[in-house]
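Bear in mind the structure is a predicted one, so any value in this text is a computation, not a measurement. The sequence lines fix the lettering, A, B, ..., with proteins before strands; numbering per chain opens at 1.
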Amino acid sequence: MSLNHVRKQYGSATVLHDVSLTIHDKEFFTLLGPSGCGKTTLLRIIAGFESVTGGTVQLHGKEIAGLAANERPVNTVFQQYSLFPHMSVTDNVLFGLQMRKVPAAVARKRVNAMLELVQLEDFSHRMPSQLSGGQQQRVALARALAPEPEVLLLDEPLSALDLKLRQAMRLELKQIQEEAGITFIFVTHDQEEALTLSDRIAVMSAGAIQQVGTAHDIYESPVNRFVADFIGESNLIETHVLEYHGCRLICSLPGGGQIVTDSPAESMVASVGSSGYICVRPEKLKLLSPAAQADCVLQGVVERHIYLGTDTQLVLRLDGGQTIQLRVQNTSHTGTLPEPGSTAQVGIESGSARFLEQ
Amino acid sequence: MAAIAPEAATTGGSVFTGVRNRLLMPSWLSIGILLVIPVIMMLVYSFLTKEFRGGVIWEFSLAAYDQFFFDRGLFGDEPVKIEWTYLTIFARSIVQALLATFFCLLIGFPTAYFIATRPPSSRAIWLFMITVPYWVNLLIRTVSMKFLIRDTGPLNHWLMQAGVLNEPMGLINTNIAVQLGLFYSYLPFMVLPIYASVERFDFALLEAAHDLYAKRWIALRRILIPVVKPGIIAGCILVFVPSLGAFLAPDLLGGAKNFMIGSLIEEQFKGSAGNWPFGAAASMILLSMVLLVLMFYARSEARRVL
Amino acid sequence: MNSASTKLMHYPGFGVLAAVCLVLLYAPLLVVMVYSFNDSTSITRWGGFSLRWYVDVFTGVEAAKYKVAAWNSVSIAAMASIVATTIATSAAIGMTRCGQWNGKSASFALINLPIMVPEIVTAVATLIFFSAIGFKTGYLSILLAHIVFCIPFAYLPIAARLQGISGSFEEAAIDLYATRWQAFRYVLLPILLPGVISGALLAFIISLDDFIITNFVKGAGIETLPTAIFGAVRQGIKPNIMAISTLMLVVSVVFVTVSWWIGRSGSRSDNR
């Protein structure tokens, strides 16, 4: 599926600015972003519930933006599931097939296969009000898969479930997608979910795509400050460019010192002297013994410890006032950590720093 | 069970937006053709000349309105005097309607408040009990009232038996009877909107007032009533408007001496003594009064919301 | 809520007035009901319990007249209710499911116009209209007039229920290849049904009970139950009138109770 320069306006408010995406067959593709970023609108455009103000939507080369929702081979799992309350589980799953005029016998078989896929064969005669949240979600999934759509859209389907159930359902969803071999387009605001499930992720903010890539790409190589901030935790250290060698930069560190960093996308234009941020993930920082010598060292005063069970997070205040965070695993080798108030040295793992613009 | 997430919980949906006009057309057409056009025709008729045995001659004339307001004597050649008969009838109707509104408010407000402060379980039953009489045919309710209070009726009978009265009260065919009838007909209309407003009232406000040394009745007057005012006004309108144009109460309970607008209008269309343009004119005047009240209400509502 | 604040909310005398209100509302009706079982022909003297007036209604001198009138009333009410409910359902969907648009409040005013115009004005206007276009007054004229003023009464409960139903059910149906009509017929309508039935019952009762408009537009040759009763009352209240009144009263109450009960059970069953 490809979306080209899709724009959506409501009156004077532009909800989507020039969105272009290509989604591959059998891919588990996620739209990730905070509330209000336009991801649900984009999904509804693909489903056919909203029209585009500009741009095209194509499926296997065919233009579908002008088609009504019931003419597109695309089905949706709704956020509140929207199971028809007056129909049993079987009838709900059967609905799409009936609307497509699939012969009754074939339809029945398909419904049974779907219920088996979501492990609800014994619940076929129940009504939606008799099901738990997780079960309803699975029925919604079965119902949307039954008519064999080319693309399945999922609008934050797990957001209404509690944590443990959500985690279990994530794995199931991934399995089902692989078994069914259908393209899934998944919308969520939960980055952990996105990172766990997706083949590729599109991070969105304020109606525009910030970055598209695999979970690894997005985490390790964010293209801008928003993505760095939104995904995982990152330390953003003020810096300016000292030397510029194509895709490698040498940037200043507070307290003197320099570091070699990557630069992000080709679209970035950096010149000597331009300021920005160095982005380093907390786990890439290492506590150094006071005597150690290294190139890329940050020095600061420990502000506090935060005990997190698996790790302890240290918050350090650098010369110049910025704070950074690093994590130290609570293994038996750890020994004592520097107390709040004492100085400490932190080393940056080579190759793990990235330069980001303002 | 299925939690409603914030963004998607609208009742809008997008499915039927495209056929909106087609969906609304039947109602627009039926009401447009069978109510709006007839009212326009009524306006037209009020400017026509009357035909002797009912009906009209299609000839423009202001006679109907003229007859309403002015007395030109039998042959139309006397100096103009104000025709008080019909104006009196209108005035009487307005007074009766205002009185009915007043009494309904007097009894209806405490009732509504009382019901709204019952525990939720009994509230529904109270409401149901209050609404049931409304659903009985207005004619039957008026007939029952007539039956009850007339000279040979049970009320007088019992009071005389109990020794309270020596002779029937002569209630029937009086203004009081009509007033009773109006009050009885439209009381539920006062209770329900006030109930709806009081039910939404945050009683913590009364506690705050009490905390600031207000006595109960003062709190009622200065806190509760202003907040509940929209409901009170709605109730008043719902009683005033139908009372103004009422027909059954004045006809069955008031007799010939207590004509109201409704009876006046009805008379114009029955039998050969009727004067259609005049009836149409009187109806137009009534309609204008009602529309004025409604517009005033709508505007004060809009101002309140803004 | 503690007892102190409950006491604060309590205004002495209000409860009494509420009781008075109820008494006032029910007294005349109860009196009529009681006296309809009065064995004596004298209105006020109690002669013992008897069903003779009910028998008289069905088999007495005027029985035929009342039977025809009752048939007219019921058949007109049934047809007017069905037509008005259909129109109202369509209108309710158009009004609640299509967001905001210019003219929406005008449309709302138009749909509810029959309730806002005083009945006598509607009656006069309709009579004039039929006369002007040469439409013969009779059964059909009554039916048409009834359909129009039943629309808002059916509309209000249906629209109210519709606003409580999420629009995503229809979207789900469309997503699953249903046409708009199929989405309505198989998904929306079943969920909406309690509201529709409520509206239909309300419209039925409103039509059955109508007097003023019917009286105006019916012409000379036909009677409905209310107009027949009115005509009879004009000649003096006879006991069989009380019997009929009681019957109509009971019918009204039953209908409204059923309508209310259906409305409540409908909304209760969605609260999972």
Trainee: Parallel, tilted or perpendicular: which fits the ring planes of C/Phe169 and A/Phe84, with parallel below 30° and perpendicular above 60°?
Mentor: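 If you compare the ring of C/Phe169 with that of A/Phe84, the planes turn out tilted.
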Trainee: Looking at CG of A/Asn92 and CG of C/Leu176, how far apart are the two atoms once the value is rounded to the nearest 0.5 Å?
Mentor: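 CG of C/Leu176 is found 9.0 Å from CG of A/Asn92.
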Trainee: Who wins among A/Pro147, A/Ala140, A/Ala144, A/Ser82 for the most heavy-atom pairs under 4.5 Å with chain C?
Mentor: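 Of A/Pro147, A/Ala140, A/Ala144, A/Ser82, A/Ser82 has the most heavy-atom pairs under 4.5 Å with chain C.
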Trainee: Just how far is it from atom OH of C/Tyr177 to atom CZ of A/Phe95, taken to the nearest 0.5 Å?
Mentor: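 Atom-to-atom, C/Tyr177:OH and A/Phe95:CZ are 12.0 Å apart.
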Trainee: Do any of residues 63-73 of chain A have a heavy atom less than 4.5 Å from a heavy atom of chain C, and if so, which, in residue order?
Mentor: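 Checking residues 63-73 of chain A against chain C gives A/Ala69, A/Asn70, A/Arg72, A/Pro73.
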Trainee: Which value, rounded to the nearest 0.5 Å, describes the distance between A/Gln98 atom CD and C/Gln182 atom CD?
Mentor: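 The distance works out to 9.5 Å.
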Trainee: Pick one of side chain, backbone, both or neither for A/Val74, based on which atoms fall under 4.5 Å of a heavy atom in chain C.
Mentor: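 Just the backbone, heavy atoms under 4.5 Å.
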Trainee: Heavy-atom pairs under 4.5 Å with chain C: which of A/Pro149, A/Gly48, A/Gly96 has the most?
Mentor: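 The candidate making the most pairs under 4.5 Å is A/Gly96.
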Trainee: Supply the atom-to-atom distance A/Met99 CE to C/Asp175 CG, rounded to the nearest 0.5 angstrom.
Mentor: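 Separation between the atoms: 13.0 Å.
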Trainee: Got a second to check how far A/His86's NE2 is from C/Leu192's CG, nearest 0.5 Å?
Mentor: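 The CG atom of C/Leu192 is 11.0 Å from NE2 of A/His86, to the nearest 0.5 Å.
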Trainee: A quick test of your reading: do over 12 heavy atoms of other residues, nucleotides or ligands sit less than 6.0 Å from CH2 of C/Trp101?
Mentor: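 Above 12, so yes.
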Trainee: Within the supplied structure, the quantity of interest is the number of heavy atoms (other residues, nucleotides, ligands) at a distance under 6.0 Å from C/Asn102 CG; does it exceed 12?
Mentor: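 No - once you tally the heavy atoms of other residues, nucleotides and ligands closer than 6.0 Å, there are 12 at most.
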Trainee: At a 4.5 Å cut-off on heavy atoms, which part of C/Ala183 comes close to chain A: side chain, backbone, both, or neither?
Mentor: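 Neither part.
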Trainee: How many angstroms lie between CD in A/Gln80 and OG in C/Ser168, if you round to the nearest 0.5 Å?
Mentor: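 These two atoms lie 4.5 Å from each other.
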